Amino acid sequence: MSTAPGWWLLHVDMDQFIAAVEIRRRPELRGLPVVVGGSGDPTQARQVVATASYEAREFGVHSGMPLRAAFKKCPEAVFLPTDPAAYDAASAEVMGTLREFPVIVEVWGWDECFVGASTDDPEELAGALRAAVLERTGLACSIGIGDNKVRAKLATGFGKRDSGSGEGVYRLTAENWVEVMAHRPVRELWGIGSRMSQNLNELGLFTVADLAAADLDVLTKRFGPRMGAWYLSLGRGLGDTEVTDVPREPVSRSHEETFATDLVTFEEVAEELRRIALAVTREVVAEGRSVQRIAVKVRFTSFFTPIKSRKLPDITQDPEVVAAAALVLLEKFELRRPVRLLGVRVEFPRD
């Protein structure tokens with residue numbers, strides 16, 4: 001897609017999407033702290049928060065937190081189980097509403113998408129999109145406006161209710177990139193987590209301005225030529241400008257399971273890993289896919305979570321071959337502590 005004048009990228013992000021869907025069908029919950037996750041029972045072990053309403057967030061509840069911890073922070077909250085089918089349906093409503101406009105919609109998940117549009121007034125378009133989604137679905141969204149996907153994605157955060165501005169729409173482009181982002185820590189950039197932030201800090205790169213001015217050779221030496229160049233461009237706010245409505249072809253499938261009781265012996269771990277590997281392989285084979293690579297994730301009770309992977313000798317659709325490869329990978333882990341989670345990812349051949 002051309003980057004000619006008038007071409008804008010908008011990032012649409014639904015506000016507290018899962019909680020909002022639950023509140024939509026239970027209006028009596030509006031204004032109350034609502035926590036959605038797992039079975040909805042905070043007395044059960046090893047269940048995590050999928051989302052929390054803004055009212056619950058004020059008590060310190062956030063996504064990824066154990067439900068038990070959420071209950072301790074906000075015992076008066078309403079706890080609900082997750083309902084993926086309802087979120088699928090609500091997401092389809094939102095995306096369908098956006099597609100009624102003369103734009104291109106690239107879906108990235110239940111609650112977010114990129115919109116590409118030729119317009120002389122992106123704020124007016126953003127306002128119209130927000131109003132239409134709210135009127136049609138009863139769900140609110142924030143929209144980031146940018147001259148590429150990186151800036152549009154980051155802009156959305158500045159328009160969120162819990163960002164301080166709360167206006168719902170924000171523009172971030174080359175014109176105000178330095179003013180808005182230069183002084184911020186690298187952790188605030190899209191795609192940089194706590195571990196990568198620490199890696200960059202070790203190179204003396206603490207702010208976005210530091211990263212933008214970094215020596216490419218230093219970054220390449222530490223992260224490789226592809227990722228080194230990517231981090232440098234990220235610090236400068238550069239990014240993709242193409243939006244496509246062609247669904248992205250999946251490249252992998254994964255299953256993970258957190259166990260109510262820790263797995264202690266190698267035999268227990270191996271048995272559960274084999275079961276998960278067989279299940280995910282049978283699932284993808286039923287869809288006509290083959291497997292070329294496998295990865296195994298092990299999370300110990302310390303929350304240390306190593307991942308090991310390997311390419312299979314041959315592309316296969318045999319669940320037993322994939323399960324055997326998973327067990328070979330398992331032998332590479334040092335199982336010195338009990339295991340709380342296992343995961344298997346199978347990757348498909350790429351043309």
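What you see is a predicted model; the values in this text were computed from it and never measured.
Residue Glu124 qualifies as open at atom CD: its count of foreign heavy atoms under 6.0 Å is 12 or below. Summarising the local packing, CD of Glu28 is surrounded by more than 12 heavy atoms from other residues, nucleotides or ligands at distances under 6.0 Å.
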For this session: Would you check, one step at a time, whether the test salt bridge (charged side-chain N to carboxylate O under 4.0 Å, His left out) holds for Arg24 with Glu93?
Result: CA-CA 13 Å; Arg24 182 176 69 164; Glu93 290 180 59; 3.1 Å; yes
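With respect to the salt-bridge test (charged N to carboxylate O, under 4.0 angstrom), the residues Arg25 and Asp83 qualify. By the 4.0 Å N-to-carboxylate-O rule, Lys221 lies too far from Asp217 to be salt-bridged with it. A salt bridge between Arg274 and Glu320 is present, with a side-chain N of the basic residue lying under 4.0 Å from a carboxylate O of the acidic one. A salt bridge between Lys297 and Glu256 is present, with a side-chain N of the basic residue lying under 4.0 Å from a carboxylate O of the acidic one. Comment: Lys311 does not engage Glu347 in a salt bridge, judged by the lack of any side-chain N to carboxylate O separation of less than 4.0 angstrom. Salt bridge annotation for Glu257-Arg275: present, with a cationic side-chain nitrogen under 4.0 angstrom from a carboxylate oxygen. A salt bridge links Lys160 with Asp13: at least one charged nitrogen is closer than 4.0 Å to a carboxylate oxygen. In summary, Glu334 and Arg336 engage in a salt bridge, as defined by a charged side-chain N under 4.0 Å from a carboxylate O.
None of Val169, Ile145, Thr173, Asp147 except one satisfies the side-chain contact (heavy atoms from CB on, under 4.5 Å) rule with Pro122; the exception is Ile145.
Within the 6.0 Å centre-distance limit, the rings of Trp190 and Trp108 are counted as a close aromatic pair.
In this structure, CD1 on Ile104 lies 13.5 Å from CG on Leu98, to the nearest 0.5 angstrom.
Geometric assessment of Arg337 against the ring of Phe300 yields a negative cation-pi assignment under the 6.0 Å and 45° thresholds.
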